[in-house]
Each structure stands twice: as C-alpha cells, then as structure tokens.
Amino acid sequence: MKPESLMMTHGYVPEWSENAVKCPIYQTSTFVFPTAEAGKRFFALAYGKTDPQEGENPGLIYSRLNNPNLQILEERLSLWEDAEDAAVFESGMSAISTIFLTFLKPGDRLLISNPVYGGTHHFVHNYLQSIGVHVEHFTAETDLVNLTEELCKDKRGAEIKLIYAETPANPTNAVIDLKLLGEMKIALMKSHDTDVRMAIDNTYLGPIWQKPLDWGADMSCYSATKFLSGHSDLIAGAITGSQESILAIKTLRTFLGNMASPNTCWLLTRSLETLSIRMERQASNALHVVRFLQDHSRVSRVYFPGLSSQGTEQVSIQNRQSTKAGAMISFDVIGGEAIAFRVLNKLTLIKLAVSLGSNESLAQHPYHMTHADMPELEKEDLNLTDSMIRLSVGIEDSEDLISDLKQAMEGL
Ligand SMILES: *Cc1c(COP(=O)(O)O)cnc(C)c1O
C-alpha cells in the first residue's frame, strides 16, 4: 500500500489503548516492567547485548530510550522513502548536529555543499572546525566528476567520512546532482578503502518529491518544523535511512537525550496524515504564483526549480532527481532593499516571518533575515542580493495569494 493509505493507522494497535482509534499521547517518563526478568530482557535488547527473537518487540523502558509516540512516528516516517528506519529529534538542528557528531572525528574531513541552512553553517564552522574536523565546500557550480577524480587521487580524499548536501539550496533554489554525489561516495570508498557516509538535507522537497536514499545517500534529514509539521506549531527534526546508519544515530541520541517528546511526536504523527495533500496543494499554488511573478513588470528574476532561468543543466538535474518543484519561490524585485521592504510591509494575507513549509504562506528577506550572518561577498556570488524576497507558499486559495502579491506590488 501507498504511504498515504497507511499514515492514519500504521504501527498502532487500538487494543493497547482502550480501543481508541487514534494513538493517545503517552505522557510518561517511565514504564512498568511486568517482571524483573522482563526488565532484564528489555535492557539487554535496548543496549544491543542480544538480538531479538523472531517477532519479539523491544519492551518499553524509559522515554529517553523509547516511547510509543516516538516509535509509531518513526515507523510511519520511514514509509515515505521506503527507508529501513528513522529517528526523530526535538529540532532539525539536533538531527543535523547528531549526524555530524556520529560520523565525524577530529582529523576527518567533511565535504559539504554551499550554501546550507545558517544553523548548519554555524555548527560546522564554529564547532566542528574548532575540534579539528576539516571542512571542504562545493557548490551547484562545482564540476563533481572532476572533484571526484581529484579526491580519489589526493590524500585528503582518504580523510572524507561524510558527504553532506542541501538541495535545492535555500534561498536560490540551486540544485545539486544527487546521482554524482552517490557515485563520488562509492569512488572514494573504493580508492581509499574507507567508510564514507552521505547525508542530504531534504527539507525543501522531501519526503514526497525527492528521495535521496534512491541515489545512494545513507541518510535523508529534515527540519520536521517545516513541511513535515506543516502548521507552524512545533520545532522538530528527523533522519531516515539505512538500519546501520540510524542505529549509530539512535545510539548517540540516547546519550545526548535529544529525542522528540511524546507531545511533539503526537503532533507530528497527526501532521503526517495530511502531508501528501498539503504538499500537493502547496506545489500547485506555487506554480500559479510563479506564473504571476514571471509576468510582473517589476520582477526581474524568479528562482524556482526547473525554470529555464535556472539554466539548462539545473533543469535536467531537477527533472532527474525530483518529481515536483515544491513550494519555495524566491524572486528579485527591481529597486533593491527599499522596494523589497515596501512589498513585504504591504502584504496582508501572506505573513512576514521566517520558516517555511507551513499551511499559511510566509515571506521574508533572505539578505537581511535568514542569511544575515553570511559574508556579503559570498551572498553576491550566489545571486543573493537585497532585491530578493523568499516566499513559502501555503494551502490558501491561489487567487487570493496572487491578489495579495498584486496589491503589495501596485504602483512600484
Ligand atoms: C529550518 C531548517 C533547518 C533547521 O531546523 P530547525 O527545526 O529550525 O532546528 C535545517 N535545514 C533546513 C533546510 C531548514 O530549513
């Protein structure tokens, strides 16, 4: 069955909870063991000291290790990408930093795309580098075939333990070739006889329209605060991936204690039920808005995956690795910061706020807001100027969204 059919019921047994059709919130820190022997067995399973028998479920112990809300959510989340397992966290940043801390040690090298989410950028440069992890960047413009050849010969290639990318990139919607990254991973492992992981921040398009695990990624990670939640009412993160990678991730999570709470998991489980219909509606609204913006005389460029203005190579990568373009649009207005601010201040239905992927539409100014911390030269290099507005398109009526943009841009 398709994930859409399973999202309401999978992994939950009504008999566990007075036949309630929906899973209640298990707001409890600890669980009663039926016997001392059972408690001993549960711990042995939880710490991997023994393998479960056929059909044996690991018993519930303590909510930092396991909780029904966490486990049901993780099972359902895995379905979208046909992943072997998933791990949910109390924020996107805790998911991402747990990937780095699990797979990188001092002396290792991280190969990471640029730009990435500001918090990711900060953690890499202010923490990972300070403990002696080497960091090397590539962009959507980098020739990944050449880079792979170079790294297979060079000894710095032997230091690479993690390839990490965010695609499409925020806020320019530049896409990075997942197929070439997957091939790079295999080539590096063969040339240097090392273990290399690949993790993709799939917040923008996944898990519906882009499936990095199909291109050789070991992990797909998310700010679950965004599309997965879709209601701007929680902060959470998630990783889906191979059994082996997620086991390593969950082992560290148990001791960092950054798993999501029962309440957050319950809200996210509810959100997943409508993920597909929300994202479909958001994507179709976005296409209407893109067409309106492309035709507007005061808009100089629209940045949206698959548009010919993104370049022919970008379009072919986008078409190969994603089934839709999503609901994130950036556009440049003629007149720089003053005009961009005037438009933002005049929007009424569309709210002026950061974050994205929610059912209400949001607009912000990347240059002075989400990307304020980035050096100006780096921003100019990536076409990220003070003329840019970023829109996250929600599920409203598309005509109403266009009317709001139209009135905000009137008389420019
Ligand atoms: C928001 C975001 C994050 C960080 O997630 P939080 O839930 O805010 O911790 C990471 N990556 C991307 C692409 C994001 O948009």
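Start at 1 with the first residue, then count along the sequence. All ligand and atom numbering here is 1-based and tracks the order in the structure. Computed from a predicted structure; not experimentally measured.
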Answer yes when [X] and [Y] have at least one side-chain N-carboxylate O distance shorter than 4.0 Å, and no when they do not.
| X | Y | answer |
| --- | --- | --- |
| R298 | E410 | no |
| E244 | R197 | yes |
| K179 | D177 | no |

Show me which atoms of ligand 1 lie under 4.0 Å from any heavy atom of [X].
| X | value |
| --- | --- |
| I96 | 10 (C) |
| A236 | 7 (O) |
| L356 | 15 (O) |
| T225 | 6 (P), 7 (O) |
| M93 | 5 (O), 6 (P), 9 (O) |
| G92 | 5 (O), 6 (P), 7 (O), 9 (O) |
| E166 | 13 (C) |

(Q) Check this for me: E56, atom CD, are more than 12 non-hydrogen atoms of other residues, nucleotides or ligands nearer than 6.0 Å? (A) yes
Q) Less than 3.5 Å between some nitrogen or oxygen of K226 and one of ligand 1, yes or no? A) yes
Q. Any N or O on S223 sitting closer than 3.5 Å to an N or O of ligand 1?
A. yes
Q. In a check of side chain to side chain contact (heavy atoms under 4.5 Å, CB included) between L162 and each of L111, V196, D108, I99, which one passes?
A. I99
Q) Between the main-chain N or O of C23 and the side-chain N or O of W266, is there a donor-acceptor pair closer than 3.5 Å? A) yes
**Q.** Ring-ring centroid check H125 H137, cutoff 6.0 Å
**A.** yes
